[in-house]
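See structure below.
The structure displayed is predicted, hence computed values, not measured ones.
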Amino acid sequence: MEKKINYQFKILYFFGILFIVACHCSYGGISLGYEWFYPGAFHLALFAFGSGYFYKTSSENHILAYIWKKFKHLMVPVLLWNAAYGVILQVLRHNKFMFGEDITLYNLFIAPLINGHRFALDFPIWYVFPLFVVQTVTVLLRKPLSKHEKVNDWVVLAISLIIGFAAAYAGRIGWNRNLKLLFVRAGYLFPFYQLAIVYKNKWEKHDKLNNLAYFGIIFALQLMIIAKYKTTIYYTLAWAIGFDKGTIFTPTIVAVLGIAFWLRVCRIITPILQKSRLVMMIADHTDAVMTHHIFSFFLLNTAYALINKLSGGTLLSTFDWTKYRTDVQYTFCPDGLVQFRIIYLIVGLTLPLLVVILQKKIKEKVKEKIKWKK
């Protein structure tokens with residue numbers, strides 16, 4: 001039996017990773033309704049929501065196996081790539097580059113779990129361990145009530161909301177380092193993972209409101225928030241920054257509105273985008289894009305640097321060598337035209353796919369050699 005593909009959520013994943021890459025290159029020279037729904041208010045919550053949607057209650061029958069499976073799928077690649085980028089970074093640091101830190105056991109194995117950002121070129125992978133924590137806590141909380149399906153979803157959702165509000169409060173009082181930061185990160189994401197489970201099991205079948213009314217309600221609520229705070233509200237979850245804006249409930253509310261908006265947009269445009277092989281490939285490999293898009297920016301900057309150097313400074317004359325060597329998120333805009341940042345967005349979304357293709361080819365060759373030896 002052919003497995004049914006949920007294209008709407010694949011498109012949602014595509015936009016989620018697009019927002020993350022865009023935010024790391026000064027919005028990528030475009031705006032997709034950012035004046036209303038700023039990505040920093042919901043893009044990481046959106047990934048937790050998408051992950052939660054695909055949660056399977058059968059996981060509660062084999063908890064340890066489930067946790068180990070998630071660890072292998074999420075954390076092993078993070079630790080391996082973190083080590084690889086650590087080596088690359090040391091080479092760069094010995095050649096006049098000044099971002100990132102030295103290789104230590106702490107930076108290799110502990111920092112990726114509680115802080116991240118040590119090796120700069122892969123700093124977005126900080127997100128993975130909080131998500132793993134959310135998935136682990138979810139299955140542990142749901143197991144005791146697994147025989148009571150009617151109340152299980154609601155009980156865990158209520159607990160997750162309390163934790164989410166507590167995380168927002170912790171962010172307000174300065175919990176932005178080490179285990180305290182991990183609590184804020186994972187706690188913030190927790191409700192959205194649970195909301196997705198409830199949405200799939202309870203609400204999705206009732207999500208039939210016509211588009212005009214649906215968007216009317218969302219825009220009206222968002223406008224009320226913007227009017228109250230005189231701006232769009234957003235947060236920097238990586239360092240628990242911005243939680244002093246609004247109340248402890250505001251981070252959850254604005255993220256829910258952002259997710260709701262793009263969830264319906266994706267439903268509308270899915271018939272078009274699901275035909276794009278590139279969009280589908282990006283949606284299927286958001287983990288690779290998350291891991292490698294900063295290094296992709298660096299490679300693009302390196303190409304710009306080579307053009308500038310080989311032309312004796314005649315071409316790309318405004319390229320800033322100091323920022324190139326010190327700022328891993330430096331985006332070069334010829335003649336100051338910010339629209340050129342779309343090149344970073346495109347490179348950040350597509351170049352990591354080459355890593356995926358290369359990995360697959362290496363695996364195939366390894367398997368062939370193993371079969372040949374047998």
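- Between Gly52 and Ile197, the closest heavy-atom pair is O-CG1, 3.4 Å.
- Scored by the salt bridge (Lys or Arg N to Asp or Glu O under 4.0 Å) test, Asp207 finds Arg264, Arg267 as partners (sequence neighbours excluded).
- Ser51 is linked by a side chain to side chain contact (heavy atoms under 4.5 Å, CB included) to Tyr13, Leu131, Gln135, Tyr193, counting only residues two or more places apart in sequence or in another chain.
- Aromatic ring centres of His24 and Phe123: separated by under 6.0 Å.
- Residue Lys202 qualifies as enclosed at atom NZ: its count of foreign heavy atoms under 6.0 Å is above 12.
- Between Asn176 and Ile241 the shortest side-chain heavy-atom distance does not fall below 4.5 Å.
- Residues satisfying the ring-ring contact (aromatic ring centres under 6.0 Å, His included) criterion with Tyr127, sequence neighbours excluded, are absent altogether.
- Taking the ring-ring contact (aromatic ring centres under 6.0 Å, His included) definition, one finds that Phe215 meets it with Phe261, sequence neighbours left out.
- The shortest non-hydrogen separation linking Gln8 to Cys266 is O-CB, 3.8 Å.
- Lys180 NZ: 12 or fewer foreign heavy atoms inside a 6.0 Å radius.
- In this structure Lys10 satisfies the side chain to side chain contact (heavy atoms under 4.5 Å, CB included) test together with Ile5, Tyr7, Met280, Ala283, Asp284, sequence neighbours excluded.
- For Phe19 and Trp262, the gap between ring centers is short of 6.0 Å.
- The distance from the CD1 atom of Ile218 to the CD1 atom of Ile259 is 11.0 Å, given to the nearest 0.5 Å.
- Cluster membership check: Phe129 does not share its hydrophobic cluster with Leu181, using side-chain heavy-atom separations under 4.5 Å among Ile, Leu, Val, Met, Phe, Trp and Tyr.
- The distance between the ring centers of Phe42 and Phe49 does not fall below 6.0 angstrom.
- In the model, Tyr55 has a side-chain atom that pairs as donor or acceptor with a side-chain atom of Glu60 under 3.5 Å.
- Ring pair Phe9/Tyr53: centre-to-centre distance below 6.0 Å.
- A side chain to side chain donor-acceptor pair (under 3.5 Å) check over residues 70-84, counting only residues at least two apart or in different chains, returns nothing.
- For His285, there are no ring-ring contact (aromatic ring centres under 6.0 Å, His included) partners, not counting sequence neighbours.
- Enclosure of atom CG in Leu64 is not indicated, since only 12 or fewer non-hydrogen atoms of other residues, nucleotides or ligands lie within 6.0 angstrom.
- With 3.5 Å as the limit, one finds a donor-acceptor pair spanning the side chains of Tyr27 and Tyr38.
- Sorted by first then second residue, the side chain to side chain donor-acceptor pair (under 3.5 Å) pairs that include residues 230-239, not counting sequence neighbours, number zero.
- Taking the side chain as every heavy atom from C-beta outward, Leu349 and His293 never approach each other to under 4.5 Å.
- Every residue meeting the side chain to side chain contact (heavy atoms under 4.5 Å, CB included) condition with Ile307, not counting sequence neighbours, appears here in chain and number order: Leu315, Leu316.
- Applying the salt bridge (Lys or Arg N to Asp or Glu O under 4.0 Å) test to Arg118 and every residue at least two apart in sequence or in another chain returns Glu101.
- A donor-acceptor pair shorter than 3.5 Å can be found between the side chains of Asn115 and Asn178.
- Heavy-atom contacts from other residues, nucleotides or ligands closer than 6.0 Å to CG of Leu310 number more than 12.
- Atom CG of Leu212 sits in a sparse spot, with 12 or fewer heavy atoms from other residues, nucleotides or ligands closer than 6.0 Å.
- Listed by chain and residue number, Phe97, Phe298, Phe319, Trp321 satisfy the ring-ring contact (aromatic ring centres under 6.0 Å, His included) test with Tyr324 (two or more places apart in sequence, or in another chain).
- Among residue pairs with one or both ends in residues 354-366, none qualify as side chain to side chain donor-acceptor pair (under 3.5 Å); sequence neighbours excluded.
- Between Phe297 and His292, the ring centre distance reaches or exceeds 6.0 Å.
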